[in-house]
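Reckoned from all heavy atoms, side chains included, excluding hydrogens, waters and symmetry mates.
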Amino acid sequence: MPAGGFATATAGGVKFEAKITPIVILSCIMAATGGLMFGYDVGVSGGVTSMPDFLEKFFPEVYGKTQDPNLNSNYCKYDNQNLQLFTSSLYLAGLIATFFASWTTRRLGRKPTMLIAGFFFILGVVLNAAAQDLAMLIIGRIFLGCGVGFANQAVPLFLSEIAPTRIRGGLNILFQLNVTVGILFANLVNYGTAKIKGGWGWRLSLGLAGIPAFLLTGGALLVLETPNSLIERGRLDEGKSVLRKIRGTDNIEPEFLELVEASRMAKEVKHPFRNLLKRRNWPQLSITIALQIFQQFTGINAIMFYAPVLFDTVGFGSDAALYSAVIIGAVNVLSTCVSIYSVDKVGRRMLLLEAGVQMFFSQVVIAIILGVKVTDDSNDLHRGYGILVVVMVCTFVSAFAWSWGPLGWLIPSETFPLETRSAGQSVTVCVNLIFTFVMAQAFLSMLCTLKFGIFLFFSGWVFIMSIFVVFLLPETKNIPIEEMTDTVWKKHWFWKRFMDDNEEVPATGTKGDPLTEKWAH
C-alpha cells in the first residue's frame, strides 16, 4: 500500500507534515473492528427475537401472543418488558463499564482498553451461544455490554489520535462503517439461521459474534499505541518514535512539540470530570450531550434493533421481514461509505443538514402509509405499499448513515482538548448508552401505544435537531484537535462568550519552557 504525502496546516500557520502510511491504515482498520462487534450485537438481537424457536425457549409469553389467532393487535404482540430487557441490558452494562473504561484509557492507554473490550466480547458470546435459560442469556448480554463500553470509549479516541488531520474524519468513520457492516452481517446470518430446522439456529446467530470478537482482540494485540497516549503517560521517547512511524517522515518536531505542550496542560488538570464542568468546556460538553441524545431520537436504533419485528408487525411475514432487514443493512453500509468520502470534503454541517431534510420526509411518508393502509388487526400490507415502506426506511437509513451515525461519534472525539478528552469521550459513550437503553427498553411499548404515530414522534425530533445544527454546531472540518479552541469556539457567534472568562487555564508551552526545550531535539 503506497503512502500518499501531504502537509496539514494548523490555525497558527505551522505545517504538520504527514503521509498516509500503511501502518496508520492497518491500525485504523484493526481498531475499527470494535465497531463490527457493536454492530453485530445491535443487528443480531432484532433477528433472533423474531425467531419462533428463540421466543418459545426464553419468552413463552411473547411466543404465545405471536401464535394466537385471536390477538387482534399487530402493534402490541411483541410488547414485553423481558424481551426489551434482552436487548437493552447490553446498553445498561455498557453505560456502567464506560466509567471504568475512562480510567483504563487514560492510565493504561487506548490499546489495552481495546484488548479488555475484546475479552469481554468473547466471554459474552460464549454465554449467549450456550444459554440454557433467560438469566444466562441476560448475563451474556451484560458481558457484551461491558465490551461495548470499553470499545466505544477507546476506539474513536484511537482513530482520531492516530490519523493525520486531513483524513481524520474519514478514518474515524471506519468505526461507524464497521458498525454498519456488523449489522448487515448479523442480518445475513439471521436470514440464514432462521431457516435451520431443529430449533438451534438462534445459537448459531449469537455464537457467530465470536468472529468480530476475536478480530478485535487480535487487532488490539497488533496495533501501535497512540503518540498522544504515550506522551500523556510520560513515555516521550516512545511517543516520538511512534509518531515518526505513523507519519512516515522525520519532520515531526512541530506536531510532537504541540502534543508535549497539550500533555503538560492535561497533567495540570487533576480532576478531568470536574474540569469538564468549567465554563470554558461548556460548548464541547453541550454539543456532545446534544449529539448523543439527538442520534438516538432520530429513531435509528429503534429501527435497527427491531427491523425484522417491525416489518413482521406491519404484515410482511417473518421471512420477508428478515429479507427486508438485510436490504436495510446493505443500504446502511453503502451510505456510510459516502460519509467516509465526503466528510472531509463537504464538512460535517452540510451532511447533517441534508440528512435532516431526507430523514424528516421519509418518516412522515412512512407514518402516512402505515396510518392509512395498516389497521391494528390487518394481516397484510399491499405489496406496492410494502415496497414503498422499505424504500422509505432505506431513504431514512441512508441519510442517517452518512450523517448522524458517524458524526455523532466523530465530532465529540475531535472537539475536546487533551486534558478532558478521555473524560469527554466517557460522557459521549455514557449519554449515548443511556438513551440507547431508554430507546431499546421503550420502543416496543411505544410502538404498541403510538402505533404509526411513532414515526411522527421521531420526525419531530429530526426537525428540532436540524435547527440545532443550523445555529449551534460549528464546522470542525480539517482543524487540528489542539487548535480547536482558538479556531472554532472563540470565533463562534454563541459559544465565544464561554471562552472569554477569568478561569485559570493551564498555560501552553512556550519557547523557554524546559519540558518543551528538552524534547525539541
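Between F468 and F294, the ring planes are perpendicular. Angles over 60° get that label, and only those under 30° would be called parallel. Between W495 and F498, the ring planes lie tilted relative to each other; the angle falls in the 30° to 60° range. A tilted orientation is assigned to the rings of F185 and Y40, their planes being inclined by 30° to 60°. In this pair, F458 and F443 present their aromatic rings parallel. The plane angle is below 30°, not in the 30 to 60° band.
Ring centroid separation for the pair Y63 and F59 does not come in under the 6.0 Å cut-off.
A donor-acceptor pair shorter than 3.5 Å can be found between the side chains of S205 and N190.
At most 12 heavy atoms of other shown residues, nucleotides or ligands fall within 6.0 angstrom of atom CZ in F119. By the neighbour-count criterion of 12 heavy atoms within 6.0 Å, atom CE of M350 is sparsely surrounded, having that number or fewer from other residues, nucleotides or ligands. Within 6.0 Å of atom OH in Y341, 12 or fewer heavy atoms from other residues, nucleotides or ligands are found, so the atom counts as exposed in its surroundings.
With salt bridges taken as basic N to acidic carboxylate O contacts below 4.0 Å, none links R106 and E232. Between E414 and R421 there is no salt bridge, since none of the side-chain N atoms of the basic residue sits less than 4.0 Å from a carboxylate O of the acidic one. Under the 4.0 Å criterion applied to side-chain N and carboxylate O atoms, R233 and E225 are assigned as salt-bridge partners.
In this structure, S27 contributes its side chain and V24 its backbone to no donor-acceptor pair below 3.5 Å.
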What donor-acceptor contacts under 3.5 angstrom involve side-chain atoms of residues 134-158, with partners at least two apart or in another chain?
from : atom 1 : to   : atom 2 : distance (Å)
R141 : NE     : F86  : O      : 2.9
R141 : NH2    : T87  : O      : 3.3
Q153 : OE1    : S426 : N      : 3.2
Q153 : OE1    : S426 : OG     : 3.2
Q153 : NE2    : S422 : O      : 3.1

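Put simply, the residue from F400, F396, F455 that forms a side chain to side chain contact (heavy atoms under 4.5 Å, CB included) with S362 is F396.
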